[in-house]
Structure formats: C-alpha cells, structure tokens
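A short write-up of the structure that comes next.
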2 protein chains.
Amino acid sequence: MNKEEELLKSHISRHNLKVTKERSAVLRAFLASARHITAEELYRKMKDENSSVGLATIYRTLNLFCESGLAEQRQFGDGQARYELVYNVSHHDHLICQECKRIIEFQNEEIEVLQEKVAKKNHFKIFSHKLELYGLCSDCSKVQAETK
Amino acid sequence: MNKEEELLKSHISRHNLKVTKERSAVLRAFLASARHITAEELYRKMKDENSSVGLATIYRTLNLFCESGLAEQRQFGDGQARYELVYNVSHHDHLICQECKRIIEFQNEEIEVLQEKVAKKNHFKIFSHKLELYGLCSDCSKVQAETK
DNA sequence: ATGATTATGATAATGAATTGCATTTAGTCT
DNA sequence: AGACTAAATGCAATTCATTATCATAATCAT
C-alpha cells in the first residue's frame, strides 16, 4: 500500500467512511494521470481504460481527496476545476501558457517570505495562497514572433 | 465627461459600437459601487435605484468594460465573477478573509520583480498575474482566538 | 429622416458541479 | 457465515452563473 493510499484510508476510517472499489479505482487513475487533471478528463480516461465509474462519483471522490489532504482543487480560469496531488509534493505555484495551455510549476521561497511580510503588515493570517502567472511559454512566444 | 467615460467611448467608437443609455447607466452605477462587485449585485443595486437594466445587459456591459481596459474580472473562489475598476488605478493584489469575505488590496513591488525573474528563468512572457492570499483578517482572527 | 446595424430584454440554453433517490455495497456485530 | 446499519453508487434531475437566441427597439452615419 503506497503512502497516498494510506493517507486516504486513514481519512476514511477516521470519518467512518468506506473503502470501495470505485474509490480505489479513482485513486489509482488519479495517481497515474497527468497533473492538473479535470474531473471530466479523469472520467474519460477511466472509461477508456475500462475502469469506468460514474461522473458524479468522480466528483465526489476528488472532493474526498481534497478533504483528506491528498489533492487540491485549482481554477485556472477556463471554467473547469483542476485537481492536483499535493501530498508529499512540495508547495509550488504556476505559470500558465494562454496559448498552448501548458502549465509549468515553480517554487520561489523569496516570494513566500514577502507574502508573509504583507500578511503581517495587514494583521492577516494566511492559510493558503494562489499565485498564477499568465502569458506565453517559450515555444508559443517564438511562434508569435515568427508570424508577425 | 470623466476619464472612464472617455475611455469607454473611445473603445466604442473604435469598434463601431454604440453609446446607449443602458451602457451609461451601468458605467455610472459601476463607478459608484464598491470594488469587487458581482454582476448580480450590480443588477440589484440598479434595480433598487430605479435605473434598472436587464441582467444579460449587465453581463454584456461588464464584459465590454473589460475589453475596453476599464475593468478586470476576478475569481475569488466563491463561484461568482467579480469586477473591479482598473483604469487609472495602480496594480495591486488581494488578501481575502475566508470568514467575513473582506477583500484587502495591497501592492508589493518586490514580489512583482521576483515574478519577472521566475518568468525569465522559464523563458516565459507574463501578460498578467494573479496573487491571492486567503486566510483571516485581524478582526476574524481575534474572534477565533476568543471562542477557543 | 432614412436605413443599416447594433443593443436590449426576456427567456431559453449551456455547462460544470451537486443532489435526490432507489439500489447496492461495506463493514460490524453476533 | 448471516444479518443489520450506514454509507456509496449510478443515473437523472437540479442548481447556479453565465451566454445565446431572437424579436423589437434604439443609435448614428449618411
């Protein structure tokens, strides 16, 4: 049993929930999928792999993952929630290419420190934050420069 | 005619659109309203003030404001888009209290510089960014400490 | 003023996400 | 192992914010 499965099962037993084959299947598929997947994408992926589960269950299970601290939900402005594994993954923020939709992750401790400074100045206690940089990745800027 | 009206009219004429009493009314109400207003809130406010305009037109007009560079749309995670005046307003980011929903604006040039540095390192060209700090404002942290 | 074009309002439609409910399943207690 | 209780599932129906449709009205260049 891997770490992620353990975490989920611990959350499940602490809340008197149940381990089901659907939940296990969704977890397996989620861990094996690309980061920042949408519920719909995961649903399709599982259907293709013949480990089909209802879409409502996908949503319910992804929310369960978030409650258990395994995943986090993100909104990148395209109207669909995306889910990413955060357990045993160090914190990071995102660069989002508006052209090819590529998502690049980055870490920057200096920025985090400055955020805390801003919070302190405003007598604010930070629980979470969201930093997203939108623009063009290197590939897409090249293309734009060429087609000018 | 104020600066905001001028900007909007310039956008309108450049795109062969039309100045209507509805658009003027929405602009007036928008400028007079609290920052970070939702379409629904603006709709209610105008109804209360007997300068009623259809909800669809509110949406259309707020989008027009965004296209003209007058306003920007923001998502603070509550499922409703919020609009804020950005014309002639210096750039800032947001602290969002998860308890009382208060939104505090702040500016931090150092963070902006670091963001550019991150972008450069990733050969990424930033067009816009979003930095939101979620947590508790000073009032709400006090209440939480007391009720413990 | 005319006419072409754009805007509006009311309502229907959309799409992501959630919910209700009948049925199935998991896990516990004997 | 069997029975019981609470939770989970699938499907369809529902919700909610936002957008599209379309007939009618308003704007503005000529």
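In this text, all values refer to a predicted model and were calculated from it rather than measured experimentally. The figures here come from the full heavy-atom set of this structure, side chains too, leaving out hydrogens, waters and symmetry mates.
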Taking 4.0 angstrom as the limit, do [X] and [Y] come out as a salt bridge?
{"X": "A:Glu105", "Y": "A:Arg35", "value": "yes"}
{"X": "A:Glu116", "Y": "A:Lys120", "value": "no"}
{"X": "A:Glu40", "Y": "A:Arg44", "value": "yes"}
{"X": "B:Glu41", "Y": "B:Lys45", "value": "no"}

Original post:
Can you pull the contact range of chain A along DNA chain C, 5' to 3', using atoms under 4.0 angstrom from its heavy atoms?
Top reply: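 Reading along DNA chain C, I get C:dA16 to C:dG27.
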Original post:
Got a sec: does the CD of A:Glu99 have more than 12 other heavy atoms crowding it under 6.0 Å?
Top reply: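 Atom CD in A:Glu99 is not packed in, count stays at 12 or less.
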Original post:
Listed in order of residue number, which residues of residues 3-19 of chain B have a non-hydrogen atom at under 4.0 Å from DNA chain D?
Top reply: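 Result for residues 3-19 of chain B: B:Lys18, B:Val19, sorted by number.
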Rounded distance in Å - [atom1] ([X]) to [atom2] ([N]):
{"X": "B:Gln80", "N": "D:dT15", "atom1": "CD", "atom2": "C1'", "value": "13 Å"}
{"X": "A:Lys21", "N": "D:dT9", "atom1": "NZ", "atom2": "P", "value": "9 Å"}
{"X": "B:Glu22", "N": "D:dT24", "atom1": "CD", "atom2": "C1'", "value": "13 Å"}

Original post:
Going from CG on A:Leu85 to NE2 on A:His36, what distance comes out if it is rounded to the nearest 0.5 angstrom?
Top reply: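 With rounding to 0.5 Å, CG (A:Leu85) is 10.5 Å from NE2 (A:His36).
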Once you apply a heavy-atom cut-off of 4.0 Å, does [X] come out as touching a base, just sugar-phosphate, or nothing?
{"X": "B:Asn63", "answer": "sugar-phosphate"}
{"X": "A:Ala81", "answer": "sugar-phosphate"}
{"X": "A:Arg60", "answer": "base"}

Original post:
Aromatic rings B:Phe30 and B:Phe65: how do their planes relate, parallel, tilted or perpendicular, breaks at 30° and 60°?
Top reply: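 The rings of B:Phe30 and B:Phe65 sit tilted, inter-plane angle from 30° to 60°.
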**OP:** Examine A:Phe76 together with A:His94 and report whether their ring centres are nearer than 6.0 Å.
**Re:**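 Between A:His94 and A:Phe76, which both carry aromatic rings, the centre distance is below 6.0 Å.
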**OP:** Please tell me which of B:Tyr83 and B:Thr20 maps to the more 5' nucleotide of DNA chain D, matching each residue to the nucleotide holding its nearest heavy atom.
**Re:**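 Counting from the 5' end, the first nearest nucleotide belongs to B:Tyr83.
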Original post:
Does a nitrogen or oxygen in the side chain of A:Thr57 sit under 4.0 Å from OP1 or OP2 of D:dG10?
Top reply: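 Yes, such a contact exists.
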Original post:
Any side-chain N or O of B:Tyr59 less than 4.0 Å from the OP1 or OP2 oxygen of D:dT19?
Top reply: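 Result: no.
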Original post:
Can any side-chain N or O of A:Ser24 pair as donor or acceptor with the backbone N or O of A:Thr20 at less than 3.5 Å?
Top reply: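 Checking the backbone N and O of A:Thr20 against the side chain of A:Ser24, a donor-acceptor pair under 3.5 Å is found.
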